[in-house]
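In the text below, chain A, chain B and the rest are named by the order of the sequence lines, each starting its count at 1. Computation of the quantities below employed the complete heavy-atom set of this structure, encompassing side-chain atoms and omitting hydrogens, waters and symmetry-equivalent molecules.
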There are 2 protein chains.
Amino acid sequence: MRTPSQPKEDVIEKLGEAFRRLGYEGATLAKLSLATGLQKASLYHYFPGGKEDMARAVLDQINGVIQEHVIQPLRSNSPPQDRLKQMVKAVDQFYDGGKLNCLIGIFILSASHKLFENDVRLMLKGWIAALAEVGVAMGVKADVAHQRAQQWVTELQGALIITRGLGSKSVFRRTLNRLPEVILGAGNAN
Amino acid sequence: MRTPSQPKEDVIEKLGEAFRRLGYEGATLAKLSLATGLQKASLYHYFPGGKEDMARAVLDQINGVIQEHVIQPLRSNSPPQDRLKQMVKAVDQFYDGGKLNCLIGIFILSASHKLFENDVRLMLKGWIAALAEVGVAMGVKADVAHQRAQQWVTELQGALIITRGLGSKSVFRRTLNRLPEVILGAGNAN
DNA sequence: GTCTATACGTGGATAGAC
DNA sequence: GTCTATCCACGTATAGAC
């Protein structure tokens, strides 16, 4: 039980960055070792279950971040419009203006997606539900609000792919800006 | 030059299915061999450049399919509404109702994305441009039409991820149905 | 807790028979 | 054109010293 050279949280953070860049299959232990600054054996000390264990830790951490920076602000008692703004800001930071891939997407598309499908599903559902609540607080009927929340999360996922595919951040930016109109069903303000 | 046991096209088709299921990194030669019914050495006969070569062939084939079933119908001289309907039908078939992953997304998120980014970008741009033309034919101003086309393709990519993430086809279905309203900017008809 | 060293399977790729 | 056999690098994972 010697003092760790870095907190486990930091290790998980770095693992997350690596998975984002490389995908699950592409993130080899050698690369994860490089990314964390720990030797492979040390990684196994932290994560006895190996790579799958590391991925799960990353997902757990992400889930925490989402809870803190997305769900909680959405459930605060600020005016609904402000809550949306706060979430947009958090999302913008989290994906670094669209430059970073979405780990949820990475895991969904990976060959080993079955390992993580439950965790991923819960995260998506939680996000959508919290967003729908804000819609309701804005006077939208519950089922419609849910549908619109689902649609925006869908757009966001797509935007993170297309942004990288087109090599331009504009789609990401636009998707963030569209949030209020999507939730309010305000039509496409083009 | 003996007669091949199956046309090269069929081999590429099967490779494509494998890449969709497994991702680029996850598609090992052993699995590609299984998927095609050809031994590894035979695959190298068709694709001397190895896995990268196979992926490129798959992308080329997809590009052909898109040209034939998406771009061409969009540029036909049917009424714009019918052109959209035709594309939706093709897309529905192509992704088998949302069950199949999008190869474009797979390659974009893969660790080796740089190998394919040019091909992918061209395909996306071509699709968006053709879709925007239909918008123009419907009376939408060119720049607005382009933005809306871009938005729908974004939604489609997102839908293919979320559909798998939530394990329900409804998001995919909805995205297909939304095409006309997105292009026309008709607001969210929820 | 972190390391070096190592085991063992699998990855991509090639040689050469038929 | 397809195969079997094989090469070597790299993949995951573990043993054991400090």
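- Atom CG of B:Leu34 and atom C1' of D:dT2 are 16 Å apart (whole Å).
- Atom NE2 of B:His45 is separated from atom C1' of D:dT2 by 9 Å (rounded to the nearest Å).
- Atom OH in A:Tyr46 sits roughly 10 Å away from atom P in C:dC3 (whole-Å rounding).
- By the 6.0 Å and 45° rule, B:Arg20 stacks over the aromatic ring of B:Phe94.
- Closest to the side chain of A:Thr28, from the set D:dT2, C:dG12, D:dT12, is D:dT12.
- For the side chain to side chain contact (heavy atoms under 4.5 Å, CB included) test with A:Val171, the passing option among A:Thr163, A:Ile161, A:Leu176, A:Leu160 is A:Thr163; the others fail.
- Per the geometry, CG belonging to A:Asp53 stands 14 Å off C1' belonging to D:dT12, to the nearest Å.
- The closest side-chain donor-acceptor pair between A:Glu25 and A:Ser112 falls under 3.5 angstrom.
- Atom NZ of A:Lys40 and atom C1' of C:dT2 are 15 Å apart (whole Å).
- Side-chain proximity of B:Leu29 to D:dA13, C:dG12, C:dG11: nearest is C:dG12.
- Under 4.0 angstrom from either OP1 or OP2 of D:dA15 there lies no side-chain N or O belonging to A:Tyr44.
- Each of A:Glu25 and B:Gln6 has a nearest nucleotide on DNA chain D; the 5'-most of these lies closest to B:Gln6.
- Taking the six-membered ring where tryptophan is involved, the planes of A:Phe116 and A:Phe107 are tilted, since the angle between them lies from 30° to 60°.
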Between the protein and nucleotides 16-18 of chain D, are there any N/O to N/O pairs under 3.5 Å, and if so, what are the atom names and distances?
unit_1, atom_1, unit_2, atom_2, d
D:dC18, O2, A:Arg2, NH2, 3.2

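- The NZ atom of A:Lys31 sits 13 Å away from the C1' atom of C:dG11 (whole-angstrom rounding).
- Regarding B:Gln39, its CD atom lies at a distance of 14 Å from the C1' atom of C:dA13, rounded to whole Å.
- For the pair B:Gln81 (side chain) and B:Pro180 (backbone), a donor-acceptor distance under 3.5 Å is absent.
- Taken from OG1 in B:Thr154 to CD in B:Gln147, the straight-line distance is 10.5 Å, to the nearest 0.5 Å.
- In the set C:dT2, D:dT2, C:dA13, D:dT2 carries the atom at the smallest distance from any side-chain atom of B:Ser5.
- Each of A:Pro48 and A:Ala30 was matched to the nucleotide of DNA chain D holding its nearest heavy atom; the match closer to the 5' end belongs to A:Ala30.
- For the pair B:Leu15 CG and C:dG12 P, the computed distance is 13 Å after rounding to whole Å.
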Derivation of the salt bridge (charged side-chain N to carboxylate O under 4.0 Å, His left out) call for A:Arg21 and A:Glu17
CA-CA 6 Å; A:Arg21 264 186 302 116; A:Glu17 286 168 26; over 6 Å; no
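- Residue B:Ser42 has its side chain nearest to D:dC3 when only C:dG12, D:dC3, D:dA13 are considered.
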